[in-house]
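Take a look at the structure set out below.
The first residue of the sequence shown is numbered 1, and numbering continues consecutively from there. When reading the values below, keep in mind they use all heavy atoms of this one structure, side chains included, and skip hydrogens, waters and symmetry mates.
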Amino acid sequence: YTLLGQGLVRDAIAAFKRALENYPQSLPAELGLAIAYRRQGLTAEAWTAYQQVLAQDPTNQLALKTVGLLGGYRPEWQQQGIAALTTLLNLSPNDTEARTQRGLLYGYQQRFAEALADYQLVLQTNPTPEAVLGAAQAYTSSGNPAQGLELFNRYRATGKPITGYE
């Protein structure tokens, strides 16, 4: 962890691997390896390492949140991302970031009823512009363009441009 703190990510990866060779069930070493892989941009390796963390500690909140985030990177990871975020939300129901990400993943899966249920709760808080944009997309894609347009306009009112697919 000291190496990670110093920005020596490759060295940290090597150190965590050595620790896991000596202590294969070391949760701190597995979690450190997962963090280091992610910082190094090794997404697939990070995914696998976070899965190992959850196999040992199914309620590890950092791993649950990160698996949920990584679930947006590949379609084949979306279901596990949703499951991880559901577990996290059962532990921390007010985690708006996790609820926003789960809404996004539900939208990717075209499970709009679940996506809208999450976004409705998120929109009751002080959501980030990105959460408003995700909600706008979900409402539009679910067949409610009027609500989608209202949310797109709310997003634009933050001063951020709408670009790309949105």
Side-chain angles (χ1 to χ4, degrees), residues 1-112 114-115 117-119 121-135 137-138 158 160 163-166:
Y1 283 97
T2 301
L3 293 169
L4 276 178
Q6 295 171 345
L8 302 171
V9 180
R10 289 185 186 147
D11 293 339
I13 290 171
F16 286 125
K17 284 182 175 181
R18 280 192 306 277
L20 285 168
E21 287 173 7
N22 294 326
Y23 306 99
Q25 297 301 313
S26 171
L27 188 59
E30 193 67 59
L31 185 59
L33 183 62
I35 293 167
Y37 278 146
R38 183 158 180 245
R39 285 192 190 168
Q40 189 63 32
L42 301 170
T43 308
E45 291 84 351
W47 174 263
T48 301
Y50 278 113
Q51 297 297 327
Q52 293 297 322
V53 170
L54 290 175
Q56 290 182 54
D57 178 6
T59 61
N60 184 291
Q61 292 193 16
L62 176 61
L64 290 167
K65 186 170 270 197
T66 306
V67 166
L69 178 69
L70 293 174
Y73 286 39
R74 295 187 183 177
E76 63 269 22
W77 293 351
Q78 291 170 4
Q79 291 290 353
Q80 284 180 275
I82 290 168
L85 292 169
T86 299
T87 300
L88 180 59
L89 287 165
N90 287 335
L91 298 169
S92 301
N94 296 324
D95 188 330
T96 304
E97 184 181 336
R99 192 166 302 283
T100 300
Q101 181 65 17
R102 189 175 73 173
L104 180 70
L105 294 178
Y106 277 141
Y108 288 165
Q109 294 279 303
Q110 298 185 7
R111 294 169 59 184
F112 296 116
E114 293 107 322
D118 276 343
Y119 281 123
L121 292 173
V122 169
L123 291 171
Q124 293 173 13
T125 67
N126 184 21
T128 64
E130 292 72 24
V132 173
L133 183 61
Q137 291 173 297
T158 67
K160 296 188 177 223
T163 61
Y165 178 74
E166 292 85 7

Discussion item. Between Asn94 and Thr96, is there a side-chain donor-acceptor contact under 3.5 Å, judged purely by atom types and distance?
Written reply: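 Thr96 vs Asn94: no donor-acceptor pair found between side chains.
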Step through the shown structure and confirm whether more than 12 heavy atoms of other residues, nucleotides or ligands are within 6.0 Å of [atom1] on [X].
X: Glu97; atom1: CD; value: no
X: Asn22; atom1: CG; value: yes
X: Tyr1; atom1: OH; value: yes

Discussion item. Show the nearest heavy-atom pair for residues Gly103 and Ala115, with the distance to one decimal.
Written reply: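 The pair with the smallest heavy-atom distance is O-CB, 3.4 Å.
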Item to complete: Give the minimum heavy-atom separation between Gln25 and Gln56, together with the two atoms involved.
Response: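 Heavy atoms of Gln25 and Gln56 come nearest at O-OE1, 2.8 Å.
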Fill in: Check against side-chain contact (heavy atoms from CB on, under 4.5 Å), Ile82 and Glu114
CA-CA 11 Å; Ile82 290 168; Glu114 293 107 322; over 6 Å; no
Does [X] reach the side chain of [Y], with side-chain heavy atoms less than 4.5 Å apart?
X: Thr100; Y: Tyr119; result: yes
X: Tyr50; Y: Leu31; result: yes
X: Arg99; Y: Thr125; result: no
X: Leu133; Y: Lys160; result: no
X: Leu88; Y: Gln101; result: no
X: Gln80; Y: Gln51; result: yes
X: Glu45; Y: Ile13; result: no

Discussion item. Parallel, tilted or perpendicular, judged at 30° and 60°: which one describes the rings of Trp47 and Trp77?
Written reply: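 Aromatic pair Trp47/Trp77 classed parallel.
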Measuring from [X]:[atom1] to [Y]:[atom2], what's the distance to the nearest 0.5 Å?
X: Gln6; Y: Asp11; atom1: CD; atom2: CG; result: 9.0 Å
X: Gln109; Y: Arg102; atom1: CD; atom2: CZ; result: 13.0 Å
X: Leu20; Y: Gln52; atom1: CG; atom2: CD; result: 9.0 Å
X: Leu33; Y: Arg18; atom1: CG; atom2: CZ; result: 12.0 Å

Discussion item. I need the single residue from Thr86, Leu89, Val53, Leu91 that forms a side-chain contact (heavy atoms from CB on, under 4.5 Å) with Leu64. Which is it?
Written reply: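 Exactly one option meets the side-chain contact (heavy atoms from CB on, under 4.5 Å) with Leu64, and it is Leu91.
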Practice prompt. Show the numbers, then the answer: is there a side-chain contact (heavy atoms from CB on, under 4.5 Å) between Leu70 and Arg38?
Written response: CA-CA 10 Å; Leu70 293 174; Arg38 183 158 180 245; 4.2 Å; yes
Practice prompt. Assess whether side-chain contact (heavy atoms from CB on, under 4.5 Å) is satisfied between Leu4 and Phe16, documenting all intermediate values.
Written response: CA-CA 10 Å; Leu4 276 178; Phe16 286 125; 3.9 Å; yes
Worksheet item: side-chain contact (heavy atoms from CB on, under 4.5 Å) between Leu62 and Ile35: does it pass, once the steps are laid out?
Response: CA-CA 10 Å; Leu62 176 61; Ile35 293 167; 3.8 Å; yes
